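What follows is a single structure, written as C-alpha coordinates, with notes after it.
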Amino acid sequence: MEQSFYDQVFEVVRLIPKGRVTSYGAIARSLGSGGSARMVGYAMSNAGLALDPVPAHRVVNSTGLLTGKFHFSPPELMEELLQAEGIVVSDNKIKNFKSVFWDPMLEL
DNA sequence: GGATTGACGTGTC
DNA sequence: AGACACGCCAATC
(Lines give C-alpha, C1' and ligand atoms only; values in the text may rest on other atoms or scores of the structure.)
Protein backbone atom coordinates (compact mmCIF):
# COMPACT_ATOMS: atom_id res chain seq x y z
CA MET A 1 0.00 0.00 0.00
CA GLU A 2 1.53 3.23 -1.04
CA GLN A 3 -0.97 4.92 1.17
CA SER A 4 1.38 7.36 2.75
CA PHE A 5 0.36 10.15 5.02
CA TYR A 6 -0.46 12.29 2.05
CA ASP A 7 -3.00 9.82 0.72
CA GLN A 8 -4.71 9.69 4.07
CA VAL A 9 -4.85 13.45 4.16
CA PHE A 10 -6.37 13.57 0.70
CA GLU A 11 -9.07 11.16 1.76
CA VAL A 12 -10.06 13.21 4.76
CA VAL A 13 -10.03 16.44 2.78
CA ARG A 14 -12.32 14.90 0.20
CA LEU A 15 -14.69 13.97 3.01
CA ILE A 16 -15.12 17.59 3.97
CA PRO A 17 -18.76 18.49 3.35
CA LYS A 18 -19.54 21.40 1.07
CA GLY A 19 -19.78 24.71 2.84
CA ARG A 20 -17.57 23.48 5.64
CA VAL A 21 -13.89 23.86 6.43
CA THR A 22 -11.35 22.28 8.71
CA SER A 23 -7.87 22.92 9.99
CA TYR A 24 -4.61 21.14 9.24
CA GLY A 25 -4.15 20.23 12.88
CA ALA A 26 -7.63 18.70 13.07
CA ILE A 27 -6.86 16.48 10.11
CA ALA A 28 -3.49 15.51 11.52
CA ARG A 29 -5.09 14.52 14.79
CA SER A 30 -7.80 12.54 13.06
CA LEU A 31 -5.05 10.57 11.39
CA GLY A 32 -3.46 9.99 14.75
CA SER A 33 -0.39 12.02 13.93
CA GLY A 34 -1.24 14.72 16.38
CA GLY A 35 1.38 17.40 15.93
CA SER A 36 2.12 16.61 12.31
CA ALA A 37 -0.09 19.44 11.19
CA ARG A 38 2.69 20.68 8.96
CA MET A 39 2.66 17.39 7.11
CA VAL A 40 -0.99 17.93 6.26
CA GLY A 41 -0.23 21.22 4.62
CA TYR A 42 2.80 19.71 3.00
CA ALA A 43 0.62 16.96 1.58
CA MET A 44 -1.66 19.58 0.12
CA SER A 45 1.23 20.68 -2.03
CA ASN A 46 0.83 17.37 -3.79
CA ALA A 47 -2.94 17.81 -3.78
CA GLY A 48 -2.70 19.44 -7.18
CA LEU A 49 -0.90 16.31 -8.37
CA ALA A 50 -3.59 14.01 -6.92
CA LEU A 51 -5.62 12.04 -9.43
CA ASP A 52 -8.87 12.94 -7.73
CA PRO A 53 -9.78 16.55 -7.00
CA VAL A 54 -8.93 17.61 -3.48
CA PRO A 55 -10.87 20.56 -2.07
CA ALA A 56 -7.77 22.06 -0.54
CA HIS A 57 -9.56 25.38 -0.38
CA ARG A 58 -11.64 23.93 2.44
CA VAL A 59 -8.56 23.47 4.56
CA VAL A 60 -7.24 26.40 6.55
CA ASN A 61 -5.10 26.86 9.61
CA SER A 62 -6.39 26.99 13.19
CA THR A 63 -7.02 30.71 12.98
CA GLY A 64 -9.25 30.31 9.94
CA LEU A 65 -6.69 32.16 7.86
CA LEU A 66 -6.36 31.16 4.22
CA THR A 67 -2.68 30.41 4.51
CA GLY A 68 -2.49 28.26 1.39
CA LYS A 69 -4.32 30.78 -0.68
CA PHE A 70 -1.11 31.85 -2.37
CA HIS A 71 -0.51 28.31 -3.50
CA PHE A 72 -3.49 28.29 -5.84
CA SER A 73 -3.06 29.11 -9.49
CA PRO A 74 -4.89 32.36 -8.95
CA PRO A 75 -4.59 32.98 -5.20
CA GLU A 76 -8.03 34.50 -5.25
CA LEU A 77 -9.51 31.20 -6.42
CA MET A 78 -9.53 29.91 -2.86
CA GLU A 79 -11.76 32.71 -1.65
CA GLU A 80 -13.96 32.33 -4.69
CA LEU A 81 -14.54 28.65 -4.03
CA LEU A 82 -15.16 29.17 -0.35
CA GLN A 83 -17.57 32.04 -0.86
CA ALA A 84 -19.25 30.04 -3.61
CA GLU A 85 -20.05 27.45 -0.95
CA GLY A 86 -21.55 29.99 1.38
CA ILE A 87 -18.44 30.59 3.43
CA VAL A 88 -17.77 34.22 4.16
CA VAL A 89 -14.16 35.24 3.70
CA SER A 90 -12.80 38.58 4.74
CA ASP A 91 -9.19 39.66 4.48
CA ASN A 92 -8.02 36.12 3.79
CA LYS A 93 -9.82 34.98 6.92
CA ILE A 94 -12.98 32.92 7.31
CA LYS A 95 -15.85 34.62 9.03
CA ASN A 96 -17.83 32.47 11.45
CA PHE A 97 -14.96 30.04 11.14
CA LYS A 98 -16.16 28.24 14.23
CA SER A 99 -19.59 27.84 12.66
CA VAL A 100 -18.39 26.36 9.40
CA PHE A 101 -15.66 24.34 11.06
CA TRP A 102 -15.96 20.61 10.35
CA ASP A 103 -14.16 18.21 12.62
CA PRO A 104 -13.08 15.01 10.82
CA MET A 105 -12.99 13.13 14.08
CA LEU A 106 -16.70 13.72 14.50
CA GLU A 107 -17.34 11.97 11.20
CA LEU A 108 -14.65 9.37 11.51
C1' DG B 1 21.08 7.88 5.86
C1' DG B 2 21.74 12.66 7.61
C1' DA B 3 20.12 17.21 6.72
C1' DT B 4 16.58 20.21 5.03
C1' DT B 5 12.00 21.58 4.39
C1' DG B 6 7.30 22.90 5.13
C1' DA B 7 -0.28 25.39 2.75
C1' DC B 8 1.01 24.45 11.18
C1' DG B 9 0.25 25.09 16.30
C1' DT B 10 0.92 26.93 20.62
C1' DG B 11 3.17 29.85 23.81
C1' DT B 12 5.62 33.95 24.94
C1' DC B 13 7.28 38.88 24.53
C1' DA C 1 -3.44 42.74 19.93
C1' DG C 2 0.32 41.90 16.92
C1' DA C 3 4.91 39.88 16.19
C1' DC C 4 8.46 36.44 17.17
C1' DA C 5 10.34 31.90 18.39
C1' DC C 6 10.41 27.06 19.15
C1' DG C 7 8.62 22.48 18.56
C1' DC C 8 6.59 18.22 15.65
C1' DC C 9 6.77 14.75 12.25
C1' DA C 10 7.03 12.81 7.87
C1' DA C 11 8.62 13.17 3.04
C1' DT C 12 12.22 14.71 -0.13
C1' DC C 13 17.07 15.76 -1.58
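Since this is a predicted model, take the numbers as computed values, not measurements. In what follows, chains carry the letters A, B, and so on, assigned in the order in which the sequence lines appear, proteins first and then strands, with residues in each chain numbered from 1.
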In whole Å, what is the span from the [atom1] atom of [X] to the [atom2] atom of [N]?
| X | N | atom1 | atom2 | result |
| --- | --- | --- | --- | --- |
| M44(A) | dA10(C) | CE | C1' | 15 Å |
| L82(A) | dA7(B) | CG | C1' | 13 Å |
| L31(A) | dC8(B) | CG | C1' | 14 Å |
| N46(A) | dT12(C) | CG | P | 7 Å |
| E79(A) | dA7(B) | CD | P | 18 Å |
| K93(A) | dG2(C) | NZ | C1' | 11 Å |
| I94(A) | dA7(B) | CD1 | P | 18 Å |
| F10(A) | dA7(B) | CZ | P | 14 Å |

Salt bridge (Lys or Arg N to Asp or Glu O under 4.0 Å) partners of R14(A), counting only residues at least two apart: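 R14(A) satisfies salt bridge (Lys or Arg N to Asp or Glu O under 4.0 Å) with D52(A) once adjacent residues are dropped.
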In terms of hydrophobic clustering (I, L, V, M, F, W, Y; side-chain heavy atoms under 4.5 Å; direct or indirect links), are I27(A) and M44(A) co-clustered?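 Hydrophobic grouping puts I27(A) with M44(A).
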Would a hydrophobic clustering, with Ile, Leu, Val, Met, Phe, Trp and Tyr connected at side-chain separations under 4.5 Å, put F10(A) with Y42(A)?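 Same cluster: F10(A) reaches Y42(A) through Ile, Leu, Val, Met, Phe, Trp or Tyr contacts under 4.5 Å.
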What's A56(A) touching, base or sugar-phosphate or nothing? Going by heavy atoms closer than 4.0 Å.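 Base: the residue A56(A), judged by heavy atoms under 4.0 Å, touches a nucleobase.
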At under 4.0 Å between heavy atoms, what does F70(A) touch on the DNA or RNA strands: base, sugar-phosphate, or nothing?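 Here F70(A) touches no strand at all.
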Looking at Y24(A) and dA7(B), is any side-chain donor or acceptor paired with a base atom of the opposite kind under 3.5 Å?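 Present.
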Does dG9(B) have OP1 or OP2 sitting under 4.0 Å from an N or O in the side chain of T63(A)?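 The answer is no; no side-chain N or O of T63(A) sits under 4.0 Å from OP1 or OP2.
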Under 4.0 Å: is that the gap between some side-chain N or O of S62(A) and OP1 or OP2 of dC8(B)?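 No, because none of the side-chain N or O atoms of S62(A) sits under 4.0 Å from OP1 or OP2 of dC8(B).
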Using heavy atoms to find the nearest nucleotide of DNA chain C for R38(A) and Y6(A) separately, return the residue whose nucleotide is more 5′.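 With R38(A) and Y6(A) compared, the 5'-side residue is R38(A).
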Could you work out which one of [options] sits closest to the side chain of [X]?
| X | options | value |
| --- | --- | --- |
| Y42(A) | dC9(C), dT12(C), dA7(B) | dT12(C) |
| N61(A) | dA11(C), dG9(B), dA7(B) | dG9(B) |
| S23(A) | dC9(C), dG9(B), dA11(C) | dG9(B) |
| R29(A) | dT10(B), dA7(B), dT12(C) | dT10(B) |

Check: N61(A) side chain, G64(A) main-chain N or O, donor-acceptor pair, under 3.5 Å: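 Yes, N61(A) side chain to G64(A) backbone: donor-acceptor pair under 3.5 Å.
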Distance-only check: which donor-acceptor pairs under 3.5 Å involve side-chain atoms of residues 65-72 of chain A, not counting sequence neighbours?
unit_1	atom_1	unit_2	atom_2	d
K69(A)	NZ	E79(A)	OE2	2.2
K69(A)	NZ	N92(A)	OD1	2.7

